[in-house]
Amino acid sequence: MKNLCKNSRRLMGVCYALAAAAWLALAVLGMVRAVWARSRGDYPRMVLTAQELVLNSFVNYADLEWDTPPYEDPDLYLSTDSDPQLIWQGGGYVESVVLYADHYTPPGAVALYYLLPGQTDFSEKQKVYGAVTGSGEYTFTLGGKTVAGLRIDPDSRGGIATRFTGVQLNPAHSLLWYLIPRGGQWLLLLSLPALAAAVIKLLAEIYFLGGKHD
């Protein structure tokens with residue numbers, strides 16, 4: 001152990017190898033959980049339209065008489081205050097959700113909230129921000145959770161015209177999807193092993209200070 005701590009490159013290599021092994025184990029666990037949920041019929045895979053969701057402070061322009069739409073489109077909606085919501089009153093094992101929405105003006109934050117079984121109120125503690133993964137496409141990665149409901153806030157400003165064409169639950173992906181880190185996961189995998197190696201080396205130097213321990 002003492003010799004390992006003296007060799008910084010070797011110590012860092014061991015830390016990165018352990019991090020990679022831990023990530024692989026978590027990826028395999030994720031695949032197993034998803035397969036188990038599918039075998040039980042508890043893995044919703046569908047595209048939800050506006051008619052299949054509860055819309056709060058988010059209305060179709062066709063139903064408005066007091067506002068002129070920026071362009072004619074049957075899927076064009078308007079947020080009527082700064083807290084518009086699209087709510088799915090369903091449940092199941094959810095890994096990721098995709099919102100298909102083209103905003104006429106910048107929307108601010110686009111976020112998803114989820115309910116766990118037994119919960120009735122959405123919470124800031126269970127919130128995922130959408131990542132832009134394509135034109136008019138926001139992806140929310142939940143990492144595999146059994147949910148009792150979902151809520152998407154398509155903007156945080158109000159008065160935003162949005163062409164909304166659906167919410168996709170659990171879009172199809174290859175097995176490699178489980179192995180590829182997403183968002184801040186890359187940062188953690190790159191930084192935590194280096195930090196762990198530095199901490200271990202520092203503690204080892206303190207412990208072996210003065211050559212009191214062999």
Side-chain angles (χ1 to χ4, degrees), residues 30 33-34 37-38 40-64 69-117 119-174 177-178 180 182-183:
R33 291 175 63 193
R38 293 179 193 183
R40 293 183 299 143
D42 195 28
Y43 191 87
R45 177 175 282 173
M46 62 189 77
V47 177
L48 303 168
T49 65
Q51 290 71 34
E52 297 169 288
L53 300 167
V54 176
L55 276 61
N56 293 331
S57 303
F58 197 58
V59 297
N60 192 296
Y61 262 105
D63 298 326
L64 297 175
Y71 54 87
E72 295 295 333
D73 192 305
D75 296 318
L76 190 63
Y77 289 78
L78 175 71
S79 54
T80 56
D81 60 33
S82 59
D83 190 27
Q85 302 172 358
L86 305 170
I87 299 176
W88 177 56
Q89 298 175 321
Y93 188 80
V94 179
E95 295 180 299
S96 61
V97 178
V98 179
L99 167 67
Y100 298 102
D102 292 298
H103 296 92
Y104 187 67
T105 53
V110 179
L112 176 146
Y113 299 80
Y114 58 90
L115 291 176
L116 297 178
Q119 296 179 336
T120 56
D121 298 317
F122 292 100
S123 167
E124 287 287 328
K125 295 180 181 179
Q126 293 168 195
K127 178 179 182 179
V128 179
Y129 286 103
V132 179
T133 51
S135 178
E137 181 179 294
Y138 299 84
T139 298
F140 308 91
T141 302
L142 277 70
K145 288 180 172 51
T146 299
V147 305
L150 299 173
R151 183 187 112 196
I152 295 177
D153 293 6
D155 72 70
S156 59
R157 297 185 176 182
I160 303 294
T162 302
R163 183 176 182 272
F164 167 69
T165 53
V167 172
Q168 186 172 15
L169 306 179
N170 290 323
H173 50 68
S174 69
W177 182 86
Y178 294 94
I180 301 174
R182 290 167 290 278

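Residue indices begin at 1 and follow the sequence shown. Here the structure is a predicted model, which means the values were calculated and not measured.
- When atom types are taken as modelled, the side chain of Gln119 and the backbone of Leu116 share a donor-acceptor pair closer than 3.5 angstrom.
- Contact annotation: the side chain of Val94 never approaches that of Tyr114 to less than 4.5 Å [non-hydrogen atoms, C-beta and beyond].
- Between the Arg157 side chain and the Pro106 main chain, a donor and an acceptor come within less than 3.5 Å of each other.
- A donor-acceptor pair is defined here as one N or O able to donate and one able to accept, closer than 3.5 Å; such a pair exists between the side chain of Ser79 and the backbone of Gly159.
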Chi angles and distances behind the side chain to side chain contact (heavy atoms under 4.5 Å, CB included) call for Phe140, Val110: CA-CA 10 Å; Phe140 308 91; Val110 179; 3.8 Å; yes
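- Here Leu150 contributes atom CG and Ile87 contributes atom CD1; the two are 10.5 Å apart, rounded to the nearest 0.5 Å.
- The main-chain N or O of Gly108 is never found under 3.5 Å from a side-chain atom of Ser156 such that the two would form a donor-acceptor pair.
- Under the ring pair (Phe, Tyr, Trp, His ring centres under 6.0 Å) criterion, Tyr138 pairs with His103, sequence neighbours left out.
- Leu99 and Ile152 make their closest contact through CD2-CG2, 3.9 Å (heavy atoms, listed as atom of the first residue, atom of the second, distance).
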Trace of the side chain to side chain contact (heavy atoms under 4.5 Å, CB included) decision for Val97 with Val167: CA-CA 7 Å; Val97 178; Val167 172; 3.5 Å; yes
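- To the nearest 0.5 Å, atom CG of residue Leu112 and atom CZ of residue Phe122 are 8.5 Å apart.
- Looking at every heavy atom in both residues, Gly92 comes nearest to Pro44 through CA-CD, 3.9 Å.
- Looking at heavy atoms from C-beta onward, Tyr113 lies in side-chain contact with Asp153 at the 4.5 angstrom threshold.
- Judged purely by distance below 3.5 Å, without hydrogens or angles, the side chains of Asp81 and Ser57 pair a donor atom with an acceptor atom.
- Pairing each heavy atom of Pro171 with each of Val98, the nearest pair is CG-CG2, 3.8 Å.
- Note: Thr165 OG1 to Leu76 CG = 11.5 Å, rounded to the nearest 0.5 Å.
- The CD atom of Glu137 sits 5.0 Å away from atom OG1 of Thr139, with the distance rounded to the nearest 0.5 Å.
- One N or O on the side chain of Asn60 and one on the backbone of Pro74 form a donor-acceptor pair closer than 3.5 Å.
- Nearest heavy atoms, Leu78 versus Ala161: CD1-N, 4.1 Å.
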Test side chain to side chain contact (heavy atoms under 4.5 Å, CB included) applied to Phe164 and Asp75, step by step: CA-CA 6 Å; Phe164 167 69; Asp75 296 318; 5.7 Å; no
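- Taking CG from Leu142 and OH from Tyr93, the interatomic distance works out to 10.0 Å, rounded to the nearest 0.5 Å.
- Checking side-chain atoms of Arg33 against main-chain N and O of Gly144 turns up a donor-acceptor pair under 3.5 Å.
- Between the CD atom of Gln51 and the OG1 atom of Thr49 there is a distance of 4.5 Å, given to the nearest 0.5 Å.
- Under the 30°/60° scheme for interplanar angles, the aromatic rings of Tyr77 and Phe58 are found to lie parallel.
- Applying the side chain to side chain contact (heavy atoms under 4.5 Å, CB included) rule to Val47 yields the partners Gln168; only residues at least two apart in sequence or on another chain are considered.
- Inspection of the Tyr43 and Glu95 side chains reveals an N or O donor paired with an N or O acceptor under 3.5 Å.
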